[in-house]
Amino acid sequence: MTRAKLSTKGQIVLPKEVRDALHWQAGTEFEVVTEGESVRLTPVPVKKRYTLDDLYGCLPYSGPPKTLEEMERGIDEAMRERWARKSGL
């Protein structure tokens, strides 16, 4: 059995063998739930932040390249259509 001690600041250092076994690294965030006299720590999944390079080419399109103005106009039209559907117009 591995032990840890609660500091005066309310902190507990998890032993290295536990961190290594669970692959927990510095900066890992946890959900903390009390269960009677026990505490359960569950790591919060890390959400990947995507870059434009990650997303480049993810939507298929065949045709001539669009200008920025054409893309913005298409987005505006799509948003107007969506707003009209939501508003019931």
Side-chain angles (χ1 to χ4, degrees):
M1 176 168 81
T2 305
R3 292 183 175 205
K5 186 184 283 189
L6 183 67
S7 76
T8 56
K9 293 184 179 182
Q11 300 169 330
I12 295 177
V13 175
L14 297 174
K16 182 171 179 6
E17 63 191 50
V18 172
R19 297 190 315 264
D20 289 347
L22 296 171
H23 308 288
W24 290 348
Q25 298 177 358
T28 301
E29 291 189 24
F30 297 92
E31 179 181 293
V32 181
V33 179
T34 57
E35 297 176 341
E37 292 291 315
S38 300
V39 175
R40 179 170 35 102
L41 299 175
T42 305
V44 176
V46 177
K47 293 183 180 179
K48 180 172 178 5
R49 297 188 66 105
Y50 293 98
T51 65
L52 289 176
D53 289 335
D54 293 330
L55 302 174
Y56 179 77
C58 69
L59 298 176
Y61 172 75
S62 58
K66 300 287 185 183
T67 65
L68 181 57
E69 291 78 21
E70 290 171 317
M71 289 188 280
E72 288 175 343
R73 193 167 38 252
I75 292 168
D76 290 341
E77 289 172 14
M79 292 308 295
R80 275 194 292 278
E81 289 173 11
R82 176 184 259 181
W83 180 255
R85 281 193 308 269
K86 281 187 170 186
S87 300
L89 300 176

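Being a predicted model, the structure only gives us computed values, none of them experimental. The figures that follow rest on heavy atoms only: side chains count, while hydrogens, waters and symmetry mates do not.
- Looking at heavy atoms from C-beta onward, Thr2 lies out of side-chain contact with Lys16 at the 4.5 angstrom threshold.
- Distance CG/Leu41 to CD/Glu31: 10.0 Å, rounded to 0.5 Å.
- Atom CD in Glu70 sits 12.0 Å away from atom CD1 in Ile75 (nearest 0.5 Å).
- For Glu29, the CD atom is loosely surrounded, since the number of other residues' heavy atoms within 6.0 Å does not exceed 12.
- Rounding to the nearest 0.5 angstrom, the gap separating the CD atom in Glu72 from the NZ atom in Lys66 is 14.0 Å.
- Of the possible polar contacts, none joining the Arg40 side chain to the Glu35 backbone as a donor-acceptor pair under 3.5 Å is found.
- With a 6.0 Å radius and a threshold of 12 heavy atoms from other residues, nucleotides or ligands, Tyr61 has its OH atom above the threshold.
- In this structure the side chain of Leu68 reaches within 4.5 angstrom of the side chain of Met71, judged on heavy atoms.
- Across Pro43 and Trp24, no two heavy atoms sit closer than the pair CG-NE1, 3.3 Å.
- Considering all non-hydrogen atoms of both residues, Ala4 and Val13 come closest at CB-O, 3.5 Å.
- There is a path of hydrophobic side-chain contacts, each under 4.5 Å, that joins Val39 to Val18.
- Under a hydrophobic-cluster definition in which Ile, Leu, Val, Met, Phe, Trp and Tyr are linked whenever side-chain heavy atoms come within less than 4.5 Å, directly or via other members, Leu22 and Val32 are assigned to the same cluster.
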